[in-house]
K.L.:
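Pasting in a structure now, in structure tokens, and then I'll have a few things to ask.
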Amino acid sequence: MPEPRATWRVYNLTPYRVLGSSVQQALKRLGVDIEERIIEYIVAESPRPDLGDYGVPIARFAKKYGVEIEALVKSIEEELRTYPHIAGVKRVGGYLNILLDASEVSRQLFRAVQTDNDVFGHLRVDKPLRIVVEHTSANPVHPLHIGHARNAALGDTLARMLRERGHIVQTRFYVDDMGRQVAVLVYGAKLLGDLSIPRGVKPDHWLGTLYALVHTLADIEELKKELDKLKQENKLDEYREKLRELDKLVAAASKLREKEPELFDKLADAIRGRNPDEEISEIMRSYEFRRDEEVVKITRAIVEACLRGFRETLERLGIGFDKWDWESDLVWSSLVGKILEEAKKTPYATMHKGALALNLQPLLRDPVIRSALGVPEDYEVPPLILQRSDGTTLYTTRDIAYSIKKFREFNADKVYNVIAAEQKLPQLQVRLALIALGYRREGLNMHHYAYEMVNLPGRKMSGRRGEYVTLDELIEQAIARARAEVEKRSPNLPPEEKQKIAEAVGIAAIRYTLVSVSAPKPMTFNIEEALNFEQNSAPYILYTHARAANILAKAKQRGLEINLEEIDYNAANENPLRRRLVLQLLNYPYVFVKAADELKPEIIVNYLNRLADTFNKWYTSGDSAINEPDPGKRGYKLALVQAVKTVTANALRILGIKPLEKM
RNA sequence: GGGCCCGUAGCCUAGCCAGGAUAGGGCGCCGGCCUUCUAAGCCGGAGGUCCGGGGUUCAAAUCCCCGCGGGCCCGCCA
């Protein structure tokens, strides 16, 4: 990736940097030394243009740091004089506002956009880090649904942001083939005596149905046994409660039966009178210890098939992985065994009710660890069990081995795990365990990028009961919706082109929606809303980009080239919308850096939306670029359009959305 | 019982960590605009106890305390 050199200059002209450094310098001269970043945070856009463009509440600084306000203002004004693009300074109330010279800003901006082009704005760090991003890592037992989609969209966007920021990034998918969930599926396959996946069905979809069937039928079978026992013991209250549970299960089961009556009946017959819980546990054991080659074969085949489905879905979203890591490989390669040996030798090792465990509490006495892991002072962390009494390991144990592998294999400085917020405790335990085992650097540099669950309106999703909207369905719906729109507005395009646009738009809409809500917020996924292609959506942004592209294409057709030397930069100040647009574009590098460093894709989303807003207002205001008779002004407008197009395209790419030239 | 996260108009959301200018957007609703670069657009309008109550402050959506509501976690599950 080329270095965006010209972007640096623009970056240093953004109001945040300018005011940040000026105020900092001014305060320093008055004997107060504070970080520039603190001031940058406080710089604000002015609410009205007549007050200036950006400002800082200087009264606050004067008070807080005990400096004379007049002296401070004078000092700041002096600092600001060194910038050629500052046209004036204005005091309003407790604020000191700056007025930017849009023509000078434009001059710098257009040049940088032209030289840096597709890396414009993407300022790179001085010292790149080697970063692993593990994300999605869905259980290979059912198709990906919207919840996984949030994980995938966030993870992929994170990886893209970090790469553009100059880091060396590797993405990894953890294939959890040793969990109970896969064993449930294997159990089902064994009951059926046949694991061939019917043709014409996507493997993950078929497996998802099988999984829900087996799980639900197994639960019913187990519950029946419990009921018998309670009845015998004459525990009527509990009995009635369990009976209600059974009703719910039976209701879920009958829904499943509607989908696959034959399969359902076959499984129901096969499972009757058996001990599914026990048998599933036995499958897990025999897979972990490779006791039964048949189980190994079936398991691997099932998981492979499911992953084929995942890959197909993710590929449509433009999401791929550098590495796929199988949990079983960690165990069979003795990496996990090594962890157990190491654990036993540490002073943290303990026996918890007869199982090998780590007591992690003492580590929390170290304030460095507490602050690095974000643990409050008197937090109590439960002991972490590493090995069951039957000798099998637990998910978290294997995750410790996996964490080390992630660092080792890529020689990583940092690891980000994009994992649901409900896994906060196990994630914390893994990090503490790493430290306990002597992998202090790894423990302190592994981060849990937590996101909240996605729910469907009115109900919760449940993989075990087969209640979910698959990502594939959602993608299809989005594309169909986009297709109808293309059909309506561009009936004359060739069908392949229509389809291409529809696919790009539909998929973009989904990705945009998923990263537009900040990760710690729970999200209700409203399909109607996600497929609303109006303002504040990917289609809106793509449409804006296509509009800009269209203007430039038309200009080219008419032989109108953009020559930065022949532009009349005074045109910048003639029209308030042009001015606003330039000032927004000026902020792009700053916005990018903030989003990438804070790992907040929604910052990019918000920026894009506001930029598109301003562009569309300008576009419809009648200030046409290609019909402009004055060559200097026309040049200016075209360069402005070009800048909008470039910035929009660059920002979209970070979100994993391909910009469109035509819609 | 303990811990973590979330609470901003009918719905969704930004701002909160780093307190300051009449709380930004969007959907939906009402009313307008296609002979000028793409109407997936634009213009105008109605709609707010920033969950509640205290406190700190010249100043609180933002900080602190006490509550309320929702979600999640505290397993020899993952």
Side-chain angles (χ1 to χ4, degrees), chain A residues 35 37-42 44-48 51 55-57 59-60 63 92-95 97 139 176 178-182 352-357 374-376 378-382 385-390 392-396 399 420-426 428 450 452-453 455 457 460 482 485-486 488-490 505 509 513 516-518 520-524 526 528-529 532-544 546-555 598 602-603 605-606 609-610 612-613 616-617 619-628 637-638 641 662-663:
Chain A
E35 245 184 288
R37 206 163 34 93
I38 302 294
I39 305 159
E40 283 180 29
Y41 291 136
I42 291 152
E45 249 174 274
S46 101
R48 285 202 324 265
L51 303 176
V56 272
R60 170 172 153 185
K63 175 120 205 277
V92 187
Y95 274 81
N97 294 335
N139 255 309
D176 180 14
M178 291 209 108
R180 193 173 181 85
Q181 314 205 40
V182 170
H352 185 80
K353 297 177 194 162
L356 175 66
V375 182
D378 36 16
Y379 186 82
E380 282 182 44
V381 59
I385 292 173
L386 295 176
Q387 190 176 32
R388 296 188 186 94
S389 2
D390 68 2
T392 58
T393 51
L394 287 95
Y395 178 83
T396 322
D399 205 14
E422 63 188 14
Q423 304 225 33
K424 265 186 188 173
L425 176 59
L428 173 67
E452 274 295 343
M453 287 282 105
N455 283 309
K460 294 194 68 171
E485 200 71 35
V486 181
K488 200 165 70 196
R489 57 189 51 251
S490 323
V505 170
T513 305
S516 64
V517 178
S518 68
K521 266 193 154 151
M523 188 174 175
T524 300
N526 190 320
E528 284 300 309
E529 248 163 61
N532 187 320
F533 291 174
E534 289 172 42
Q535 261 196 71
N536 199 359
S537 69
Y540 176 66
I541 310 293
L542 287 169
Y543 184 68
T544 308
R547 267 184 160 173
N550 194 44
I551 296 171
L552 297 170
K554 282 234 160 88
E598 294 182 12
E602 71 271 20
I603 292 180
V605 169
N606 281 323
N609 195 44
R610 284 193 63 188
D613 240 8
N616 283 316
K617 282 184 173 73
Y619 180 93
T620 50
S621 73
D623 191 26
S624 170
I626 62 176
N627 295 328
E628 169 64 56
K637 292 187 194 174
L638 286 174
V641 173
K662 208 190 270 184
M663 273 176 79

K.L.:
How close or far is atom P of B:G3 from atom OH of A:Tyr379, stated in whole angstroms?
P.N.:
10 Å
K.L.:
Spell out, as yes or no, whether a donor-acceptor pair under 3.5 Å connects the side chain of A:Asn609 to the backbone of A:Val605.
P.N.:
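Side chain of A:Asn609 to backbone of A:Val605, a donor-acceptor pair under 3.5 Å: no, none is there.
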K.L.:
NA contact type, A:Val486, heavy-atom cut-off 4.0 Å: base, sugar-phosphate, or nothing?
P.N.:
base
K.L.:
Apply the test side-chain hydrogen bond (donor to acceptor under 3.5 Å, both in side chains) to residues A:Ser621 and A:Asp623: give CA-CA distance (whole Å), side-chain angles for both, the deciding distance (0.1 Å), then the verdict.
P.N.:
CA-CA 6 Å; A:Ser621 73; A:Asp623 191 26; 5.3 Å; no
K.L.:
Heavy-atom count around A:Glu598 CD within 6.0 Å, excluding the residue itself: above 12?
P.N.:
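Enclosed: over 12 neighbouring heavy atoms sit under 6.0 Å from CD of A:Glu598.
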K.L.:
Between OG of A:Ser516 and CG of A:Asn536, what distance do you get to the nearest 0.5 Å?
P.N.:
6.5 Å
K.L.:
Please list, for nucleotides 76-78 of chain B, all pairs of protein and nucleotide N/O atoms separated by less than 3.5 Å.
P.N.:
from  : atom 1 : to       : atom 2 : distance (Å)
B:C76 : O3'    : A:Arg388 : NE     : 3.3
B:C76 : O2     : A:Ser389 : N      : 2.7
B:C76 : O2     : A:Ser389 : OG     : 2.9
B:C76 : N3     : A:Ser389 : OG     : 2.2
B:C76 : N4     : A:Lys353 : O      : 2.3
B:C76 : N4     : A:Ser389 : OG     : 3.4
B:C77 : OP2    : A:Arg388 : NE     : 2.2
B:C77 : OP2    : A:Arg388 : NH2    : 2.4
B:C77 : O3'    : A:Arg388 : NH2    : 3.3
B:A78 : OP1    : A:Arg388 : NH2    : 3.0
B:A78 : OP2    : A:Tyr395 : N      : 3.1
B:A78 : O3'    : A:Asp176 : OD1    : 3.3
B:A78 : O3'    : A:Asp176 : OD2    : 2.3
B:A78 : O2'    : A:Asn139 : ND2    : 3.4

K.L.:
Say you pick atom P in B:G7 and the same atom in B:C30; how far apart are they, in whole Å?
P.N.:
30 Å
K.L.:
What does B:G69 pair with, Watson-Crick or G-U, if both distances are under 3.5 Å?
P.N.:
B:C6
K.L.:
Using nucleotides 41-45 of chain B, report all nitrogen or oxygen pairs with the protein that are shorter than 3.5 Å.
P.N.:
from  : atom 1 : to       : atom 2 : distance (Å)
B:G41 : OP1    : A:Gln535 : N      : 3.0
B:G41 : O2'    : A:Arg547 : NH1    : 2.8
B:G41 : O2'    : A:Arg547 : NH2    : 3.3
B:C42 : OP1    : A:Tyr540 : OH     : 2.9
B:C42 : OP2    : A:Gln535 : NE2    : 2.8

K.L.:
For the CD atom of A:Glu422 and the CE atom of A:Met453, what is their distance to the nearest 0.5 Å?
P.N.:
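If I round to the nearest 0.5 Å, the distance is 4.5 Å.
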K.L.:
Is A:Ser46 reaching over with its side chain to a backbone N or O of A:Arg48, donor-acceptor style, under 3.5 angstrom?
P.N.:
yes
K.L.:
What distance, rounded to whole Å, do you find between the two P atoms, one in B:A23 and one in B:A61?
P.N.:
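That atom pair is separated by 10 Å.
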K.L.:
Report which part of the nucleic acid A:Pro539 touches: base, sugar-phosphate, or nothing (heavy-atom distance under 4.0 Å, all strands).
P.N.:
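Base: the residue A:Pro539, judged by heavy atoms under 4.0 Å, touches a nucleobase.
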K.L.:
Need the glycosidic conformation of B:C34: syn if within 90° of 0, anti if not. Which one?
P.N.:
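Syn, angle within 90° of zero.
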K.L.:
Output yes when A:Glu40 and A:Arg37 qualify as a salt bridge under the 4.0 Å nitrogen-oxygen rule, no when they do not.
P.N.:
no
K.L.:
For nucleotides B:U57 and B:U62, find the distance between their P atoms and express it as a whole number of Å.
P.N.:
16 Å
K.L.:
Rounded to whole angstrom, note down the P distance from B:G20 over to B:C63.
P.N.:
10 Å
K.L.:
Using the C1' atom as the point on both nucleotides, what is the distance between B:C12 and B:C77, in whole Å?
P.N.:
34 Å
K.L.:
Enter the distance from A:Thr393:OG1 to A:Arg388:CZ here, rounded to the nearest 0.5 Å.
P.N.:
7.0 Å
K.L.:
Going by heavy atoms in the side chains, are A:Ile38 and A:Glu35 under 4.5 Å from each other?
P.N.:
yes
K.L.:
Rounding to a whole Å, what distance do you find between A:Asn609:CG and B:G15:C1'?
P.N.:
15 Å
K.L.:
Can you check whether A:Leu51's main-chain N or O pairs, donor with acceptor, with A:Asn97's side chain at less than 3.5 Å?
P.N.:
yes
K.L.:
Atom CD1 of A:Ile39 and atom C1' of B:C17: how far apart are they, to the nearest Å?
P.N.:
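About 17 Å, once rounded to whole Å.
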K.L.:
Atom CD of A:Gln423 and atom OG1 of A:Thr396: how far apart are they, to the nearest 0.5 Å?
P.N.:
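Between atom CD of A:Gln423 and atom OG1 of A:Thr396 there are 8.5 Å.
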K.L.:
Round to a whole Å and report the spacing from CD of A:Glu602 to C1' of B:G25.
P.N.:
14 Å
K.L.:
Once salt bridge (charged side-chain N to carboxylate O under 4.0 Å, His left out) is applied, do any residues pair with A:Glu628, and if so which ones, sequence neighbours excluded?
P.N.:
A:Lys637
K.L.:
Rounding to an integer number of angstrom, what distance separates B:C73 and B:C58 when you compare their C1' atoms?
P.N.:
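Taking atom C1' in both B:C73 and B:C58, they lie 43 Å apart.
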K.L.:
Using a cutoff of under 3.5 Å, can you pull out all pairs of nitrogen or oxygen atoms linking the protein to nucleotides 18-24 of chain B, with atom names and distances?
P.N.:
from  : atom 1 : to      : atom 2 : distance (Å)
B:G19 : OP1    : A:Arg60 : NH2    : 3.2
B:A21 : N7     : A:Tyr95 : OH     : 3.2
B:A21 : N6     : A:Asn97 : OD1    : 3.2
B:A21 : N1     : A:Asn97 : OD1    : 3.3
B:A21 : N1     : A:Asn97 : ND2    : 2.9
B:U22 : O4     : A:Arg48 : NH1    : 3.2

K.L.:
For nucleotides 7-11 of chain B, give me every protein contact, N/O to N/O, under 3.5 Å, one pair per line with atom names.
P.N.:
from : atom 1 : to       : atom 2 : distance (Å)
B:G7 : OP1    : A:Lys521 : NZ     : 3.2

K.L.:
Atom pairs under 3.5 Å, N or O on each side, protein against nucleotides 62-69 of chain B: can you list them with distances?
P.N.:
none

K.L.:
Would you sort out whether A:Phe533 and A:Val505 count as a side chain to side chain contact (heavy atoms under 4.5 Å, CB included), showing the intermediate values?
P.N.:
CA-CA 9 Å; A:Phe533 291 174; A:Val505 170; 4.1 Å; yes
K.L.:
To the nearest 0.5 angstrom, please state how far the OH atom of A:Tyr543 sits from the CD atom of A:Glu485.
P.N.:
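A:Tyr543 atom OH to A:Glu485 atom CD measures 10.0 Å (nearest 0.5 Å).
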K.L.:
Apply salt bridge (Lys or Arg N to Asp or Glu O under 4.0 Å) to A:Glu45 and A:Arg610, showing your working.
P.N.:
CA-CA 13 Å; A:Glu45 249 174 274; A:Arg610 284 193 63 188; 3.1 Å; yes
K.L.:
Using a cut-off of 4.0 Å on non-hydrogen atoms, how would the nucleic acid contact of A:Ala421 be classed: base, sugar-phosphate, or nothing?
P.N.:
nothing
K.L.:
Using Watson-Crick or G-U wobble geometry with both distances under 3.5 Å, which nucleotide pairs with B:C34?
P.N.:
none
K.L.:
For nucleotides B:G52 and B:U8, find the distance between their C1' atoms and express it as a whole number of Å.
P.N.:
14 Å
K.L.:
Distance-only, no hydrogens or angles: does the A:Thr620 side chain make a donor-acceptor pair with backbone N or O of A:Asn616 under 3.5 Å?
P.N.:
yes
K.L.:
Mapping A:Leu425 and A:Met523 to their closest nucleotides on RNA chain B, which lands nearer the 5' end?
P.N.:
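That would be A:Met523.
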K.L.:
What distance, rounded to whole Å, do you find between the two C1' atoms, one in B:A60 and one in B:G1?
P.N.:
33 Å
K.L.:
Taking C-beta and beyond as the side chain, do A:Ile42 and A:Pro57 meet within less than 4.5 Å on heavy atoms?
P.N.:
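In contact.
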K.L.:
Would you give the length of the straight line joining atom NE2 of A:His352 to atom OG of A:Ser389, rounded to the nearest 0.5 angstrom?
P.N.:
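Here the interatomic distance stands at 11.0 Å.
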